[in-house]
Structures are given as structure tokens and as C-alpha cells.
Amino acid sequence: MQKIDIKSLDLKELTEVMSNMGQKAFRAKQMYDWMHVKLVPGFEDMTNLSKEFREKCNENFEYTTLETVRVQESKLDGTKKFLFALRDGNVVESVWMRYKHGNSVCISSQVGCRMGCKFCASTLDGLERNLTPAEMLDQIYSITRSTGERVSNVVVMGTGEPMDNYDNLLKFLRLLTDENGLNISQRNVTVSTCGIVPRMRQLADEHLQITLALSLHATTDEKRRNIMPIANSYSIDELMDVCRYYFDRTGRRITFEYSLVGGVNDTDEDAEELIALAKPLCCHINLIPVNPIKERDYVQSNADRIQRFKNILEKNKINCTIRREMGRDIDGACGQLRRSYKLEEKGRA
Ligand code: SAH
């Protein structure tokens with residue numbers, strides 16, 4: 001029989017499970033606190049539970065933990081990149097960044113990815129499996145324990161397409177922002193998607209106050225299809241409609257992510273087309289100088305081009321930032337650390 005993944009249960013579900021074991025409601029609250037506030041790595045650390053009960057828990061439940069395989073720290077800005085091993089031996093990566101306004105963690109939502117974006121390293125070997133809510137939380141919990149500092153912002157922008165793992169993502173978001181748990185403000189959580197329209201619509205209806213970021217990267221369907229296979233399923237018109245719907249339902253301003261790729265999507269004309277899309281939505285634009293991966297020959301736009309692109313947007317009163325390249329010296333781009341580790345492993349085998 002498969003054991004219950006206890007850290008993926010919300011307090012209501014945990015209370016029910018405890019009650020089935022003949023435990024009172026306060027026991028669930030106690031355990032929830034150990035798992036999601038005190039962030040202990042196992043039942044044995046739950047010192048106010050009897051030894052007998054802890055043993056019973058070990059028999060009945062799976063308590064996920066991550067093993068830290070590698071930590072790389074940037075000498076440039078202190079950014080730390082963690083490579084974690086899951087129970088089944090798969091590895092995922094997460095990034096810790098220190099900003100003026102607090103500490104931010106970027107987590108992975110899947111092992112690998114099946115979206116196939118041409119410039120992205122996470123998708124080169126396809127999708128291995130979805131992460132559970134507990135495994136998404138564990139990345140934040142492990143990093144909090146390791147740095148000894150509170151995490152205030154979470155971005156789901158690591159490996160994987162969060163909307164392709166929708167139910168687990170939603171459970172994770174509810175646990176992460178639960179007042180009985182880490183209680184991270186929903187406004188400090190961002191979920192980034194390549195644009196799976198029906199799931200974006202569903203998310204708009206969940207009564208959450210999180211920020212939705214759309215990886216747009218191109219301004220026409222034709223150009224987008226060249227770099228993002230998902231564009232064959234959903235048009236830019238459909239994307240703009242669902243972004244409007246998200247804003248109307250939640251009042252939260254959308255972010256467009258736009259990775260600037262030299263000679264692909266960085267002309268003045270691209271900037272003008274981007275303005276036409278962004279203006280009616282009054283969204284924020286995050287320009288990302290593409291981080292070249294060696295398996296593809298995409299190059300970064302040069303610094304002048306990036307600045308000019310930004311100036312054109314700003315002249316037209318579009319709110320935009322160039323993403324600071326954190327951890328450039330430590331396999332910064334999505335999926336690169338995991339990939340270089342996997343290639344090394346293969347080399348050793
Ligand atoms: N699947 C989600 C989230 C993961 S990627 C999504 O597509 O949004 C997070 C962001 O980084 C996305 O905007 C993605 O397109 C971008 N990205 C991926 N690889 C990149 C690279 N090599 N250089 C710049 N941006 C990249």
C-alpha cells in the first residue's frame with residue numbers, strides 16, 4: 001500500500017487522517033506546525049509526540065526530504081543555486097536570491113519539462129515527472145534551513161511548466177500561503193507560464209492574489225511558433241484575452257516575460273508590436289537578456305540593443321525592467337545546473 005504523503009496534506013485533510021488514527025484535532029495542528037513552520041526534517045524531531053506515535057507515523061506516512069547534492073554560490077551577488085536529489089534519485093534545482101526587499105526563492109515545478117521552448121535547457125530531455133506539493137515546498141524549506149533566513153518571495157520559474165502540473169501547483173500555493181504554515185503573502189508569489197490558456201483561466205477563478213507571469217517572448221503567432229511549440233495550440237489573441245480575464249477577476253497586474261534573443265525578437269518593430277499588446281492590459285514587462293545554452297545557437301542581444309528596446313517601451317509609458325542577471329557565474333539559466341550535473345553523471349557511468 002502506498003504511504004500517504006503527509007506534507008502534501010492541508011490542515012483539514014491532516015485533521016481527518018489524525019482522527020482516523022484516533023488522535024484529537026490538536027495533534028494535527030501540532031504536526032502541521034512541525035512540518036510547515038518549524039520545518040523539521042522528519043518525525044523523530046517532533047519532540048512533543050510520543051516515541052510510539054512517531055513510529056506509527058513512520059509506518060503510515062511518507063515524509064519527503066531533499067538531499068542537497070550541490071550548492072553553488074555566486075561571487076558576484078551571493079545568489080545560491082541548489083541542486084537537490086528527490087527520494088527516487090531525480091534531481092531538481094532551485095535558486096536563492098537576496099534582494100533589498102527580502103529573500104526570494106525560485107523553485108522547480110516538474111522534473112524536466114515537455115514544453116520544448118527552443119532557448120531553454122530544462123526541456124532538452126523532456127518531462128520526467130511532476131513534483132508533488134510537498135516536493136515544491138521542500139525546496140523552500142530546505143533553503144530556509146540552510147541559509148537560516150526567512151524566505152519572503154517565491155517564484156515558480158525554475159524547471160517545469162507549472163500549469164502542466166496544475167492540481168499539485170494549486171495545493172502547493174495554498175499550503176505555502178496558509179496562515180498556519182509559512183504564511184507567505186500571496187502577493188509575494190509569482191507563477192510563470194508559457195501560456196496554457198485553459199489553466200490560466202482556471203487560475204483566475206481560484207480567488208488567489210498571486211502574480212501571473214506570461215512568457216510571451218514574441219509578438220506574432222508566427223514568430224512565437226518558431227521558438228515556443230505551445231504557440232501552435234494557443235494564439236496571441238487567446239493569450240491576451242485570458243490575461244485580461246485574469247486581471248479582471250483578480251485585480252492583479254500581469255507580467256509579460258520577454259527574453260531578448262539577438263536577431264530573433266529584438267528589433268524596433270518587435271518593440272512597437274510589444275507595446276501594442278501591452279498597452280491595453282497595462283501590464284509590467286520583464287526583459288530577460290537570453291542566457292545562451294550550448295545546445296542551441298541563440299545569442300544574447302547586445303547591451304545597446306537591449307537598452308534601446310527598453311527605451312522604446314518606456315517612451316510609450318510601458319512599465320518595464322531588465323531582469324538583473326543574478327548568478328551569471330553559476331549556471332544561471334533555467335535547468336543548466338541540473339543538466340550539467342546529469343551530463344557529468346553520464347560521463348562517470
Ligand atoms: N515554464 C514556465 C516557467 C519556467 S521558465 C514558463 O515558461 O514561464 C522561466 C522563464 O525563463 C520563462 O520566461 C522562460 O521562457 C525563461 N527562460 C528559459 N530559458 C531561458 C534562457 N536560456 N534565457 C532566458 N530566459 C529563459
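Ligands are counted one by one from 1 in listed order, and the atoms in each one are counted from 1 as well. Values below: every heavy atom of this structure, side chains too, minus hydrogens, waters and symmetry copies.
Taking each of S215, A121, S122 in turn, the one with a heavy atom nearest to atom 12 (C) of ligand 1 proves to be S215. For atom 10 (C) of ligand 1, the nearest non-hydrogen atom from the set Q110, E257, M228 belongs to E257.
Note that R27 lies in the cation-pi zone of F53, set by a 6.0 Å cut-off to the ring centre and a 45° limit from the axis.
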task = Could you walk me through whether H217 and F256 pass the ring pair (Phe, Tyr, Trp, His ring centres under 6.0 Å) test, one step at a time?
result = CA-CA 8 Å; H217 305 321; F256 284 169; over 10 Å; no
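Distances from ligand 1 to the non-hydrogen atoms of A213 include no value under 4.0 Å. At least one heavy atom of H217 sits under 4.0 Å from some atom of ligand 1. At a 4.0 Å cut-off, at least one heavy atom of G160 sits close enough to ligand 1 to count as contact.
With hydrogens and angles disregarded, no donor-acceptor distance shorter than 3.5 Å links the side chain of E16 to the backbone of K12. Side-chain atoms of E161 come within 3.5 Å of backbone atoms of M163 as a donor-acceptor pair (strictly under, hydrogens ignored).
Using modelled atom types, one finds a donor on one side chain and an acceptor on the other under 3.5 Å when comparing D266 with S301.
Near C194, the atoms of ligand 1 lying under 4.0 angstrom from a non-hydrogen atom of the residue are 6 (C), 7 (O), 8 (O). Interface atoms of ligand 1 facing G158, defined by a heavy-atom separation under 4.0 Å, are 4 (C).
Ion pairing between K81 and E93 holds under the 4.0 Å rule for side-chain N and carboxylate O.
No single ILVMFWY cluster, assembled from side-chain heavy atoms under 4.5 Å apart, contains both I288 and I285.
Considering backbone and side-chain atoms together, R323 places no N or O closer than 3.5 Å to any N or O of ligand 1.
At a heavy-atom cutoff of 4.0 Å, ligand 1 is contacted by both the backbone and the side chain of C120. The proximity of T159 to ligand 1, defined as any non-hydrogen pair under 4.0 Å, does not occur for either the backbone or the side chain.
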